[in-house]
K.L.:
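Input: one structure, supplied below.
Only heavy atoms go into these numbers, but all of them, side chains included; no hydrogens, no water, no symmetry mates. In this text, all values refer to a predicted model and were calculated from it rather than measured experimentally.
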Amino acid sequence: MATMLEYIKTILQKVSFDKQLFEKELKKAIGLLVPEEVKQLKSWCYEKFSNLYLTVLNRCFYRRKLA
C-alpha cells in the first residue's frame with residue numbers, strides 16, 4: 001500500500017499540466033502531511049517542478065513556514 005506522500009506525488013504529476021490545479025493540489029497536500037513529509041515533498045517538488053512552477057513552489061512552501 002502506498003503512503004500518503006507517494007499518493008500525493010502521483011497526483012501532483014498528473015495535474016502538472018495545469019498551473020492552477022497544481023497549486024491547488026500542492027496547498028491541499030501541504031495541509032495533509034506531517035512536517036517531516038512536507039520536507040520530503042518540498043525537496044521532491046523542487047527537483048521535479050522548479051523549471052515549470054518555481055513561483056508556485058516558493059509561494060506554497062513559504063506560506064507553510066509562516067503557519
K.L.:
Could you tell me the separation between the CD atom of Glu25 and the CG atom of Leu32, rounded to the nearest 0.5 Å?
P.N.:
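Spacing of CD (Glu25) from CG (Leu32) equals 9.5 Å.
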
K.L.:
Within the 3.5 Å criterion, strictly below it, is a donor on Asn58 or Tyr46 matched to an acceptor on the partner's side chain?
P.N.:
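Looking only at side-chain atoms, Tyr46 and Asn58 do form a donor-acceptor pair, the distance falling under 3.5 Å.
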
K.L.:
Are the side chains of Ile30 and Lys27 in touch, meaning some heavy atoms are under 4.5 Å apart?
P.N.:
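No, side chains not in contact.
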
K.L.:
With the side chain counted from C-beta on, respond yes when Phe61 and Val38 share a heavy-atom pair under 4.5 Å apart, and no when they do not.
P.N.:
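In contact.
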
K.L.:
Do the non-hydrogen side-chain atoms of Cys45 and Tyr53 ever get within less than 4.5 Å of each other?
P.N.:
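With C-beta onward as the side chain, the pair stays apart.
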
K.L.:
Between Lys19 and Glu23, is the closest basic N to carboxylate O distance under 4.0 Å?
P.N.:
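Salt bridge flag = no for Lys19 with Glu23.
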
K.L.:
Side-chain donor-acceptor pairs under 3.5 Å in residues 8-18, sequence neighbours left out?
P.N.:
from  : atom 1 : to    : atom 2 : distance (Å)
Thr10 : OG1    : Glu6  : O      : 3.1
Ser16 : OG     : Gln13 : O      : 2.9
Asp18 : OD1    : Gln20 : N      : 3.1
Asp18 : OD1    : Leu21 : N      : 2.7

K.L.:
Compare every heavy atom of Leu5 with every heavy atom of Glu37, then report the nearest pair and how far apart it is.
P.N.:
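That would be O-CD1, 3.9 Å.
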
